[in-house]
S.K.: 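Encoded as structure tokens, here's the structure I'll be asking about.
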Amino acid sequence: MWRWRSLLPLDDGPIRYPLAIGDTPLMASPGLRRVSGFSQLYLKDETRSPTGSNKDRATGLVLEQGLRQGFETVTAASSGNVAVSLSLGAAAAGLRAVIFVPAHVSEGKLRIMLLVGARVFKVEEGYEVAYRLSRQAAREFGWLDRNTGANPATIEGKKTVAFEIWEQLGREVPDVAVVPVGDGTTLSALWKGFRELRACGVIEQLPRLIGVQAEGCQPLKCLCDHVAPPYTRSHTIADGIFVDAPINGFTAIRDVRDSRGAFVAVSDEALLQAIEILASAGGIVAEPAGAAAFAGLDPAREAGLIRQNECVVAMVTGTGLKTPHYLQSTGTVFEIRGSLREVDKAMASGD
Ligand SMILES: Cc1ncc(COP(=O)(O)O)c(C=O)c1O
């Protein structure tokens, strides 16, 4: 990621942050193109970041700045992946992480935070209160604040994904970029990156952005469409996009509109199906929020927002290895006793 430092708020000097960030693959998977029907589909595979999500770009830049400024403690509120990214990143950089998570945080993510010695506070009232507490603590105790929307370096770090997409597409940008939306920072950062490419004079047209929310938690889609949410109490299995009051919400709506894009919503069932397809046809293991952009392709096509022959980049933002309970395999395990006869029989059975 540091290759882009002339476009990042970072002075010269050696990089101290030890984890390798960025340069994730842009996959042109024939299987996924066939299954999805999009002939020019690319997946930006952010699951290959050091802690398995695109949050590592933001964490890397915030901690690099923090190390240079002499901070010892860093804090963030998170529905899961920021917390994992910050816990591991801080541990590797020799900093102390203080994390505020909502009660619905996934067990697998919590375990990683505790494994690396982060101080974790589980906040009963949920993410909004966790966010407020983390920000207050940063101010009160003089900690480095890595909160989305509070520290502008988070967007700066995440915008580098746009530069990579441009480079990997042979110095072009796609017609459409599809992104999962929780707080909306990932989307706005991508948009900022594309706009900076235009400001640098290396592209002319900007992509349209499709923001994907969960059917059970779609505040921005509803605001954009001027309709009331179709639920009384929000819920989704996709913790990364389970955000009722997105911190960067209004900016994300503005960015989507500026791009001539739109929001779509996907059901939890569609997320689970997308996880299965991404793995079986594309070789990418995603978590529910990470699979949301791919799941959003169908409703976006049905709504006439994307044509099948357009160049589309869908971001896969988080790995499913931290959330194995959502890997719903239907396959069978054959138990055998050391003889190839049973292998032969099972293979012939066609299962
Ligand atoms: C895997 C994953 N995808 C997407 C998002 C949504 O990103 P943002 O909150 O920047 O909209 C998150 C946020 O936690 C996430 O963990």
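Counting convention: from 1, in listed order, for ligands and their atoms alike.
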S.K.: Determine whether M1 and L61 make a side-chain contact, defined as any pair of heavy atoms from C-beta on separated by less than 4.5 Å.
M.R.: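 Of all side-chain heavy-atom pairs linking L61 with M1, at least one is under 4.5 Å.
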S.K.: Is there a polar contact between ligand 1 and V181, counting only N or O atoms under 3.5 Å apart?
M.R.: no
S.K.: I need the L271 CG to E276 CD distance, nearest 0.5 Å.
M.R.: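 One finds 13.5 Å between CG of L271 and CD of E276.
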S.K.: Please say yes or no: joined through hydrophobic side-chain contacts below 4.5 Å, possibly via intermediate residues, are I155 and W4 part of one cluster?
M.R.: no
S.K.: Going by distance only, is there an N or O of N54 that falls short of 3.5 Å from an N or O of ligand 1?
M.R.: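 For ligand 1, there is no N or O atom that lies under 3.5 Å from one belonging to N54.
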S.K.: Quick one: sort the F242 and H235 rings into parallel, tilted or perpendicular, breaks at 30° and 60°.
M.R.: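 Rings of F242 and H235: perpendicular, over 60°.
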S.K.: Does R16 reach the side chain of E64, with side-chain heavy atoms less than 4.5 Å apart?
M.R.: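 When only atoms from C-beta onward are counted, E64 and R16 do touch, with a gap below 4.5 Å.
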S.K.: Please verify the inter-ring angle class for F121 with F100; under 30° counts as parallel, over 60° as perpendicular, anything in between as tilted.
M.R.: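 Parallel: the ring planes of F121 and F100 meet at under 30°.
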S.K.: Are the side chains of V178 and L297 in touch, meaning some heavy atoms are under 4.5 Å apart?
M.R.: yes
S.K.: Using a strict 4.0 Å cut-off to heavy atoms of P180, name the atoms of ligand 1 that fall inside it.
M.R.: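 Near P180, meaning under 4.0 Å from one of its heavy atoms, ligand 1 has 3 (N), 4 (C).
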S.K.: With a 4.5 Å heavy-atom cut-off, do F263 and I210 have their side chains touching?
M.R.: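 They are not in side-chain contact.
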S.K.: In ligand 1, which numbered atoms sit nearer than 4.0 Å to a non-hydrogen atom of G318?
M.R.: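 Going through ligand 1 atom by atom, the ones under 4.0 Å from G318 are 1 (C).
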S.K.: Using heavy atoms and a threshold below 4.0 Å, how should the contact between N81 and ligand 1 be classified: side chain, backbone, both, or neither?
M.R.: side chain
S.K.: Could you tell me if the side chain of F38 sits less than 4.5 Å from the side chain of R33, heavy atoms only?
M.R.: no
S.K.: Starting from atom 9 (O) of ligand 1, which protein heavy atom do you reach first, and at what distance in Å?
M.R.: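 Heavy-atom neighbour on the protein nearest atom 9 (O) of ligand 1: D183 N, 2.8 Å.
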S.K.: So if I apply the salt bridge (Lys or Arg N to Asp or Glu O under 4.0 Å) rule between E164 and each of K159, R57, R171, which one comes out positive?
M.R.: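 Output: one option passes, namely R57.
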S.K.: Using a strict cut-off of 4.0 Å, indicate which atoms of ligand 1 neighbour a heavy atom of T185.
M.R.: 8 (P), 10 (O), 11 (O)
S.K.: Just which atoms of ligand 1 are under 4.0 Å from any heavy atom in G240?
M.R.: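 Per the distance check, 5 (C), 6 (C), 12 (C), 13 (C), 14 (O), 15 (C), 16 (O).
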S.K.: Just which atoms of ligand 1 are under 4.0 Å from any heavy atom in E287?
M.R.: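 Every atom of ligand 1 under 4.0 Å from some heavy atom of E287: 1 (C).
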S.K.: So is G80 touching ligand 1 or not, going by heavy atoms under 4.0 Å?
M.R.: no
S.K.: Have a look at S85, A286, G184 and point out the one with the heavy atom closest to atom 11 (O) of ligand 1.
M.R.: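 The residue whose heavy atom sits nearest atom 11 (O) of ligand 1 is G184.
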S.K.: Mark up the atoms of ligand 1 that fall under 4.0 Å of a heavy atom belonging to G182, in ascending order.
M.R.: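 With G182 as reference, the close atoms of ligand 1 come out as 6 (C), 8 (P), 9 (O), 11 (O).
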S.K.: Can you sort out which atoms of ligand 1 are near K158, meaning under 4.0 Å from one of its heavy atoms?
M.R.: 10 (O)
S.K.: Students should be able to answer this: which protein heavy-atom is nearest to atom 12 (C) of ligand 1, and at what distance?
M.R.: K55 NZ, 3.3 Å
S.K.: Would you mind checking which non-hydrogen protein atom is closest to atom 4 (C) of ligand 1, with the distance to 0.1 Å?
M.R.: T317 OG1, 3.5 Å
